Amino acid sequence: MLWKIRTELADRPGALAELAARCGADDINILSLEVFTAESGAIDELVISTGVGWTAEDLTALVAEAGCSRTTVRPCQADVLSDAPTRYLRAVLRLIDDPVSVDEELETLQGFEEYTPAEWARADVLVEIAGRLAERHQGTVTEGPRPGSAVPALRKATVEDAPAVVDMHERCSYESRTRRYHVPIPKLTARTARHLSAPAGGVSIVATVGDAVIGMATAAPWEELTGTVMEVAVLVEDGWQRQGLGSQLLRRVIQEARYLGADRVVCMVQPENDGMLRTVEGLRMRTRVVQDSGHLMVTVALSDQSLSHAVDRPSVPYRQTRAIPALRSQSARSTGQPSREHTLAGDGAVPALSDRAGAADPDGAHRGGRP
C-alpha cells in the first residue's frame with residue numbers, strides 16, 4: 001500500500017538518515033522524497049510503500065520514534081510518484097479546458113491542509129493562470145433561453161448536469177448567487193457543480209429548457225439538528241425569476257426529501273430577500289421560523305411531530321421582519337444563540353403562511369387551516 005507522509009525532521013545532522021533507517025528496519029520502502037524549507041526548519045514529504053496491516057496511526061508512531069514531529073499520514077495512489085513539475089504542468093493542461101476547477105486541482109496536487117511557502121507560491125501561480133483562462137472563457141458563455149421560448153421541464157438532476165449547472169451560475173447575477181449561498185460566489189467550480197447535482201444522501205431538481213438548466217433546487221442532510229433533517233436551497237436564473245418557477249422547484253424538492261425519509265426540511269433565508277419569503281409563504285405548509293445569526297431559519301414539517309423538536313428558540317412571524325411590511329406592532333422575540341452558516345444555505349426556503357392562513361400553535365407551527 002502507498003502512503004504519503006509529511007513530517008518535520010529534527011534540526012540535527014543525520015535526521016533524515018535516521019528516518020530512512022527506521023523505515024528500512026520495518027521493510028518500508030521510500031519511493032520518493034521532496035524537501036521543503038520553512039521557518040521552523042525542514043519539512044519532508046515522503047511516498048512510501050508498506051506491507052498489509054499498516055495504518056496511519058502505526059506510521060505516525062514510527063516517524064515519531066525517528067525524532068520527527070507534526071506528522072501527517074495519508075493513503076495515496078501511484079500517480080503521486082510523478083515529479084512535481086510534471087503534475088503541475090498536467091494541471092495547467094486540465095485548467096485550459098476547465099479553469100474554474102482550480103480548487104479541485106490544488107487539492108489533488110497539495111494533498112495536505114497546511115501549505116509550505118513553496119507550495120503557497122505554486123498555488124498562487126496556478127490560481128493566476130486559472131483566472132486568466134477564466135477571463136478568456138467568459139466570452140464563450142452562451143446566452144440562456146428566455147421566458148416564453150418554451151415551458152420548463154422539472155426532473156431529478158444527475159452529475160451529467162454539472163456543465164449546464166455551471167453555465168446557469170455564469171448567467172446568474174452576482175446578487176442572485178449571493179442570496180443563494182450567503183457569500184459572494186464569483187465562480188462555481190465543476191467539482192462543486194457535481195456535488196450540487198448529486199448531493200450525498202440528498203437530491204437535486206433542475207428546471208430545464210432544452211439542454212439548458214435555468215433553475216435548481218437542492219436538498220441534502222443536515223447533521224447538526226436532531227431527527228431526520230434536510231436543508232433545502234433554490235437558485236433560479238434571473239430572467240426566469242417571478243415566473244413561479246422557484247415555487248415549483250421548492251415543492252418538488254420538498255416532496256423528494258420526504259420520499260428520502262426526512263421528517264422536516266430547513267432553509268436559511270436572508271431577511272431582506274422578500275421575493276423568496278413571498279415564495280415560501282405561498283406554499284401554505286406547516287412551518288416554524290426563528291432568527292439565526294442575522295438570517296431566518298425556516299423549518300417545514302413533513303410529519304405531525306416534526307416541529308416539536310425542530311429548534312430550541314422562540315418562533316418569529318415573518319411579517320415582523322423587515323423583509324415584509326409589518327401588520328402588527330409588537331417586536332420580534334429574542335434571537336437565541338447563533339449557529340454557523342452552511343454550504344447549502346441560500347436562496348431557497350420553506351414555507352411560512354400569512355396571518356389569514358391560520359393561527360400559530362403553541363409550538364410555533366402555522367397550520368394554515370390543515371388538521
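This one's a predicted model, so the numbers in the text were calculated from it and none came from an experiment.
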ask   = Closest approach of C76 and V47, non-hydrogen atoms and distance?
value = SG-CG1, 4.2 Å

ask   = Strictly by modelled atom types, are D161 and S197 linked by a side-chain donor-acceptor pair under 3.5 Å?
value = no

Under 3.5 Å: donor-acceptor pair, side chain of E256, backbone of S204 = no

request  = Measure from the side-chain N and O atoms of T208 to the backbone N and O of V213, and report whether any donor-acceptor pair falls under 3.5 Å.
outcome  = no

ask   = Hey, what do you get for CD1 (I30) to CG (L16), rounding to the nearest 0.5 Å?
value = 7.0 Å

query = Does Q270 offer a backbone N or O that forms a donor-acceptor pair with the side chain of N273 under 3.5 Å?
reply = no

ask   = Taking T192 for the side chain and L188 for the main chain, is one N or O donor matched with an acceptor at less than 3.5 Å?
value = no

ask   = Between CG of L19 and OG1 of T71, what distance do you get to the nearest 0.5 Å?
value = 8.5 Å

key: Closest contact, heavy atoms only, L196 versus T218   = O-OG1, 3.8 Å

request  = Take atom CZ of R252 as the centre, draw a 6.0 Å sphere, and report whether it contains more than 12 heavy atoms from other residues, nucleotides or ligands.
outcome  = yes

query = Any chain of hydrophobic side-chain contacts (each under 4.5 Å) joining V266 to Y259?
reply = no

inquiry  = For a salt bridge (charged side-chain N to carboxylate O under 4.0 Å, His left out) check, start with the C-alpha distance between E128 and R132, then their side-chain angles and the critical distance, and finish with the verdict.
reply    = CA-CA 6 Å; E128 183 177 352; R132 294 188 182 186; 2.8 Å; yes

key: Pairwise side-chain contact, V300 with V298, heavy-atom cut-off 4.5 Å (strictly under)   = no

ask   = Any salt bridge between E18 and R22, counting N to O under 4.0 Å?
value = no

ask   = Can you tell me how far the CD1 atom of I5 sits from the CG atom of D44, to the nearest 0.5 Å?
value = 10.5 Å

ask   = Got a sec: does the CG of D124 have more than 12 other heavy atoms crowding it under 6.0 Å?
value = yes

query = Parallel, tilted or perpendicular: which fits the ring planes of H182 and H295, with parallel below 30° and perpendicular above 60°?
reply = parallel

message = For D58 and V73: C-alpha separation, side-chain torsions, deciding distance, then whether side chain to side chain contact (heavy atoms under 4.5 Å, CB included) applies.
response = CA-CA 10 Å; D58 296 334; V73 180; over 6 Å; no

task = Give the minimum heavy-atom separation between P147 and G239, together with the two atoms involved.
result = CG-O, 2.8 Å

key: R146 atom CZ, neighbour heavy-atom count above 12 within 6.0 Å   = no

message = Closer than 3.5 angstrom, by distance alone: can the side chain of R171 be matched with the main-chain N or O of E237 as a donor-acceptor pair?
response = no

key: Any donor-acceptor N/O pair, R177 side chain to H169 backbone, under 3.5 Å   = yes

ask   = Hey, does V63 have a side-chain heavy atom less than 4.5 Å from the side chain of L46?
value = no

query = Hey, does K156 have a side-chain heavy atom less than 4.5 Å from the side chain of I205?
reply = yes

task = Provide the closest heavy-atom pair for W54 versus W3 in the form atom of the first, atom of the second, distance.
result = O-CZ2, 3.3 Å

request  = Indicate, with yes or no, if V159 and V165 share a hydrophobic cluster defined by side-chain heavy-atom contacts under 4.5 Å among Ile, Leu, Val, Met, Phe, Trp and Tyr.
outcome  = no

query = Looking at CG of L302 and CD of Q255, how far apart are the two atoms once the value is rounded to the nearest 0.5 Å?
reply = 11.0 Å

key: Audit row: V35, L33, side chain to side chain contact (heavy atoms under 4.5 Å, CB included) steps and yes/no   = CA-CA 7 Å; V35 180; L33 171 67; 4.3 Å; yes

ask   = Out of curiosity, R94 CZ to L89 CG, how far, rounded to the nearest 0.5 Å?
value = 10.5 Å

remark   = Of all heavy-atom pairs linking D238 and C172, the shortest is OD1-CA, 3.3 Å

message = side chain to side chain contact (heavy atoms under 4.5 Å, CB included), that's the test. Do L249 and M216 meet it? Break it down for me.
response = CA-CA 7 Å; L249 286 166; M216 185 178 195; 5.8 Å; no

Candidate pair L59 and I48, rule side chain to side chain contact (heavy atoms under 4.5 Å, CB included), full reasoning = CA-CA 10 Å; L59 292 171; I48 65 170; 3.8 Å; yes

key: Value rounded to 0.5 Å, distance of NZ in K4 from CZ in R74   = 9.0 Å

Heavy-atom side-chain proximity of L235 to M168 below 4.5 angstrom = yes

key: Exercise: identify the closest heavy-atom pair between P145 and A212   = CD-CB, 3.6 Å

